[in-house]
**Student:** 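There's a structure below that I have some questions on.
Reminder, nothing fancy here: chain letters follow the sequence lines and each chain counts from 1. Basis for what follows: all heavy atoms, side chains included, without hydrogens, waters or symmetry-related copies.
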Number of protein chains: 2
Amino acid sequence: MGQRKSGHVTLLDIASASGFSVSTVSIVLSEAPLSLNVAATTRAHIRTIAQQLGYHPDAYARSLRRRSTQTIGILAFDLSDPFCIPIMRGIQEGVNAAGYLPLLMDAQTQRKLFDSYLHMILERRAEGVIVIASWVFEETNLLGDIRKNNVPILIVGRDLVARGISSILVDNEAGGALATRHLAELGHRNIAVIRGPQEMCDSEPRWTGIRKVAAQCGMHLDERLVLELPGLAGPASGFEGGVRFAKQMLATGCHFTAVLAFDDLTALGVVRGLAESGLRVPEDCSVMGFDDVLPAEVATPAMTTIRQPLREMGLEAAERVLQAIRSVPGKAEKARLHKTNPELVVRMSTAPPSRTIATKKPKRRART
Amino acid sequence: MGQRKSGHVTLLDIASASGFSVSTVSIVLSEAPLSLNVAATTRAHIRTIAQQLGYHPDAYARSLRRRSTQTIGILAFDLSDPFCIPIMRGIQEGVNAAGYLPLLMDAQTQRKLFDSYLHMILERRAEGVIVIASWVFEETNLLGDIRKNNVPILIVGRDLVARGISSILVDNEAGGALATRHLAELGHRNIAVIRGPQEMCDSEPRWTGIRKVAAQCGMHLDERLVLELPGLAGPASGFEGGVRFAKQMLATGCHFTAVLAFDDLTALGVVRGLAESGLRVPEDCSVMGFDDVLPAEVATPAMTTIRQPLREMGLEAAERVLQAIRSVPGKAEKARLHKTNPELVVRMSTAPPSRTIATKKPKRRART
DNA sequence: AACACCGGTTCAAACGTTTGAATCAATATA
DNA sequence: TATATTGATTCAAACGTTTGAACCGGTGTT
């Protein structure tokens, strides 16, 4: 079954083909310090043979012997969330630069897969682990094992400092504030808000930011227009939620000129819901998202949103674990929280409020 | 530097803690056939100790000895392309079911990274490789090395059968035909087409399918309305291309009632371009995409498109390499091409042609 | 009493590398 | 001439597993 038996070329093959010992071949091909002592002709000879045999060192044997794998595990809770990709790329950039190899896994929102991949990461002796948990993420008891084997771990997208794990996430309160201030400056006074699910740590601070600025600007937050996404379903469900809530808001008959959605997908759902009720964005109602993922950018009208510096967060994450790895003996430094700065991206989905009320009768026939 | 030295628990640790030999411990923990011979009390004892020490077998040592890594390399040319995700998931599903571990890598459209990751895959002794090459993909000479080490390889999203590599991709001609027929049935007679870049193997057959059905249905394909995306830029550039081409089409003054875009992102670009010229979709002009990725689904109006059975393609890919792995001794079976069936997904971006000409003067002010 | 058998356990070699120490011939130093 | 130095190469042990073969004390068969 194991197909290496027949397959791969080893040092021994090259040794016998070249007439030198395995040691010499190893020294040459791995460019060990000792290779300076090896005759230039020998070096060349060995290299040629290796080349033409298509030799690639066996990472398993090498790591076993060297007692180092140069590997960082990246475990994404849901890689289909566009949110993950830039983070992941930032991480890659960081670890590659340090000569580390990222070991990428996608738990597909399944707790079972998450655990099993965490196992894998441990068994593969990753020297550090970065978890990307964009959505609801139940903690696993494996985190204990990780610590027991003292592998540095870090999480981005969730605050687990309380559990002793360094975390990186956007400053949600600032983000919520930024969004609200943008609407206020456009002249909106009556806004609807779709909050994130309770299970997500982003939800609360974002809401706080919104409330503070709203109060400060004299905006009205009608509680009938403050809805909350359910937590159980996956990230894609944000869209459905947006559609449903938009209609629900209109049904209340309350006056509003803008909707602040929890994230971009929800915002896109709101746009759809409004459209199905015959309302246009931004003419009849402004809509804002959060995150700045691809679908928000390519939608028409392009979505005004709050960008998370995802790539930078990934980079930061990489640097943090690498640093933790380098200083292992000094044992775990205290878990720290790192907040990054969100940024307002103004596009086409927001505009000054129109004189017409959002709940007035549809002007065009609804599209189903 | 290598932090395992201090870190991980080994069989030896458990052996000395339990008083049994390393062999016995290994036999128990790896559930080898011999473990039936081990006294039940011994088994329990060893297991408990392993548990409480947080033991995880070292995949490196194990694979080295077993001469099998149970690993499949997945190399995506650009994981930020939403197209890749479902394929990747299909693959995962397939390999997981067979007890294999996917080794996922993202080349980020960079040739250099692609090569270096292919190296990694070889060094990590993946027993098979699946390449997901959604976009332009220059072949690398490393493919030779892969064969030299006789690792089965397969590519999805590109036809490399000519180079002796089994390939899986959608039946593009059928897809093009499907799209065209849909527009014909709605009553469109004058359509504009945005072809894919020449470098992509999807472009030509898709165009063939379009031409055949167009001829068959008596549709007019004005050559001034047939444009071609440039090939050098990345997938994200499809959007820009769509925006630009939409305006270009309008500028020709030619009559058209629908646009058939190469892929969903391009189609979204077209929608934007039309909107910026004051035209609505689908009232003033229908637009179709291809692929059925997330942004197409959550846009408003939702995009009518041709779905590729991506997940199934991934699954198929997994099964194919696994089968190839199982039958190594029988040497490489002939490289085969597998075409999957596309499917029409009718949403809101297409409608019967309006009586007004697409090129008539804008009705609303343009949005910039 | 000699033998085979069996349950339970351990020996020892192997997987493909790396690397500190050893070897050995040749040259330089005392 | 004996001794150190150097340059080029090899020895051999080790990394943490797995596993075929060996061991060993006991019971059952003849």
Side-chain angles (χ1 to χ4, degrees), chain A residues 1-46 50 53 55-70 122-125 127 149, chain B residues 1-46 50 53 55-70 122-125 127 149:
Chain A
M1 61 172 46
Q3 64 88 231
R4 285 161 65 206
K5 190 162 32 211
S6 50
H8 289 273
V9 184
T10 78
L11 283 184
L12 186 60
D13 295 325
I14 301 181
S16 39
S18 68
F20 289 95
S21 75
V22 170
S23 312
T24 310
V25 176
S26 166
I27 288 166
V28 169
L29 294 179
S30 67
E31 282 165 356
L34 277 173
S35 69
L36 294 175
N37 289 341
V38 176
T41 63
T42 312
R43 282 204 296 253
H45 184 202
I46 289 178
L53 257 51
Y55 170 80
H56 288 262
D58 184 315
Y60 288 82
R62 166 177 289 180
S63 291
L64 187 58
R65 167 64 222 221
R66 283 197 177 155
R67 330 187 82 200
S68 113
T69 60
Q70 295 290 101
L122 270 172
E123 296 183 350
R124 306 238 147 194
R125 300 298 190 249
E127 298 179 18
N149 287 279
Chain B
M1 59 170 50
Q3 66 89 227
R4 285 162 65 207
K5 188 164 30 213
S6 49
H8 290 272
V9 184
T10 78
L11 283 185
L12 186 60
D13 294 327
I14 302 181
S16 39
S18 70
F20 290 94
S21 76
V22 170
S23 313
T24 309
V25 176
S26 166
I27 289 166
V28 168
L29 294 180
S30 67
E31 282 165 358
L34 277 172
S35 69
L36 294 175
N37 290 341
V38 176
T41 62
T42 313
R43 282 203 296 253
H45 184 201
I46 289 178
L53 258 52
Y55 171 78
H56 288 262
D58 184 315
Y60 287 81
R62 166 176 286 181
S63 291
L64 187 58
R65 165 66 220 216
R66 284 199 178 152
R67 327 188 84 204
S68 111
T69 59
Q70 296 290 99
L122 271 172
E123 295 182 351
R124 306 235 151 196
R125 299 301 189 246
E127 298 179 17
N149 288 278

**Student:** So what does A:S26 touch, heavy atoms closer than 4.0 Å: a base, only the sugar-phosphate, or nothing?
**Tutor:**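 Result for A:S26 = base.
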
**Student:** Ignoring backbone atoms, test whether B:Y60 places a side-chain nitrogen or oxygen under 4.0 Å from the OP1 or OP2 oxygen of D:dT18.
**Tutor:**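 B:Y60 to D:dT18 OP1/OP2: no side-chain N or O under 4.0 Å.
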
**Student:** In whole angstroms, how far is the C1' atom of D:dT19 from the CZ atom of B:R67?
**Tutor:**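 In whole Å, D:dT19 C1' lies 13 Å from B:R67 CZ.
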
**Student:** Name the closest nucleotide to the A:L11 side chain, picking from C:dT18, D:dT9, D:dT18.
**Tutor:**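 Nucleotide nearest to A:L11's side chain: C:dT18.
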
**Student:** Is a donor on one side and an acceptor on the other found under 3.5 Å between the side chain of B:E123 and the backbone of A:P57?
**Tutor:**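 No; zero donor-acceptor contacts below 3.5 Å.
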
**Student:** For C:dT17 and A:S30 - does any side-chain N or O of the residue sit under 4.0 Å from the phosphate oxygens OP1/OP2?
**Tutor:**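 The answer is no; no side-chain N or O of A:S30 sits under 4.0 Å from OP1 or OP2.
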
**Student:** Just how far, in rounded Å, is P of C:dG16 from CG of B:D58?
**Tutor:**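 That distance rounds to 16 Å.
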
**Student:** Take atom CG of A:L29 and atom P of C:dG16, then tell me their distance rounded to the nearest Å.
**Tutor:**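 It is 16 Å, rounded to the nearest whole Å.
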
**Student:** For the side chain of B:S30 and the backbone of B:S26, is there at least one donor-acceptor N/O pair under 3.5 Å apart?
**Tutor:**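 Yes, the answer is positive, given that a donor and an acceptor are paired below the 3.5 Å cut-off.
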
**Student:** Closer than 4.0 Å, any side-chain N/O of A:S21 to the OP1 or OP2 of D:dT9?
**Tutor:**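 Checking A:S21 against D:dT9: no side-chain N or O falls below 4.0 Å of OP1 or OP2.
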
**Student:** Whole-Å distance between C:dT9 C1' and B:R43 CZ?
**Tutor:**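 Value for this atom pair: 14 Å.
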
**Student:** What integer distance in Å separates A:E31:CD from C:dT19:P?
**Tutor:**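 Going from CD in A:E31 over to P in C:dT19 covers 13 Å.
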
**Student:** Got a second to check how far A:S68's OG is from A:E127's CD, nearest 0.5 Å?
**Tutor:**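 Going from OG on A:S68 over to CD on A:E127, the span is 5.0 Å.
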
**Student:** So which one's nearest nucleotide on DNA chain D is more toward 5', B:I27 or A:T41?
**Tutor:**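 So the residue in question is A:T41.
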
**Student:** Can you tell me how far apart CG (B:L11) and CZ (B:R62) are? Round to the nearest 0.5 Å.
**Tutor:**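 Rounded to the nearest 0.5 Å, the CG-CZ separation comes to 9.0 Å.
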
**Student:** Quick one: is A:R125 getting a side-chain N or O under 4.0 Å of the D:dG16 phosphate, OP1 or OP2?
**Tutor:**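 Checking D:dG16 against A:R125, no side-chain N or O comes under 4.0 Å of OP1 or OP2.
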
**Student:** Between B:S23 and C:dT10, does any side-chain N or O lie under 4.0 Å from OP1 or OP2?
**Tutor:**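 False: B:S23 side-chain N/O out of range (4.0 Å or more) of C:dT10 OP1/OP2.
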
**Student:** When you measure from the side chain of A:A39, which nucleotide among D:dA8, C:dC15, C:dT17 comes out closest?
**Tutor:**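 For A:A39, the side-chain atoms sit closest to D:dA8.
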
**Student:** Would you say A:R67's side chain and A:L64's backbone share a donor-acceptor pair under 3.5 angstrom?
**Tutor:**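 No, A:R67 side chain to A:L64 backbone: no donor-acceptor pair under 3.5 Å.
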
**Student:** Counting side-chain heavy atoms from C-beta on, which of C:dG16, D:dT9, D:dT18 comes nearest to B:V22?
**Tutor:**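 For the B:V22 side chain, the nearest candidate turns out to be D:dT18.
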
**Student:** Could you check how far CD1 of A:I46 sits from P of C:dT17, rounded to whole Å?
**Tutor:**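 That distance rounds to 13 Å.
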
**Student:** Counting only side-chain heavy atoms from C-beta out, which of D:dT9, D:dT18, C:dT10 sits nearest to B:R66?
**Tutor:**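 Taking heavy atoms from C-beta onward, the closest nucleotide is D:dT18.
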
**Student:** So, is A:T24 close to the D:dA8 phosphate, meaning a side-chain N or O under 4.0 Å from OP1 or OP2?
**Tutor:**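 Checking D:dA8 against A:T24, no side-chain N or O comes under 4.0 Å of OP1 or OP2.
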
**Student:** Are B:R65 and C:dA14 close enough that a side-chain N or O sits under 4.0 Å from OP1 or OP2?
**Tutor:**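 Result: no.
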
**Student:** Whole Å only: how far is the CG atom of A:N37 from the P atom of C:dT19?
**Tutor:**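 The distance from CG of A:N37 to P of C:dT19 comes to 15 Å, rounded to the nearest Å.
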
**Student:** Main chain of A:Y60, side chain of A:S63: is a donor-acceptor contact present, judged purely on distance under 3.5 Å?
**Tutor:**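 No.
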
**Student:** Measuring to OP1 and OP2 of D:dT18, would you say a side-chain N or O of B:R62 lies under 4.0 angstrom away?
**Tutor:**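 True: B:R62 side-chain N/O within range (under 4.0 Å) of D:dT18 OP1/OP2.
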
**Student:** Let me know the distance between CG of A:L34 and C1' of C:dA21, rounded to the nearest Å.
**Tutor:**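 A:L34 atom CG is separated from C:dA21 atom C1' by 11 Å.
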
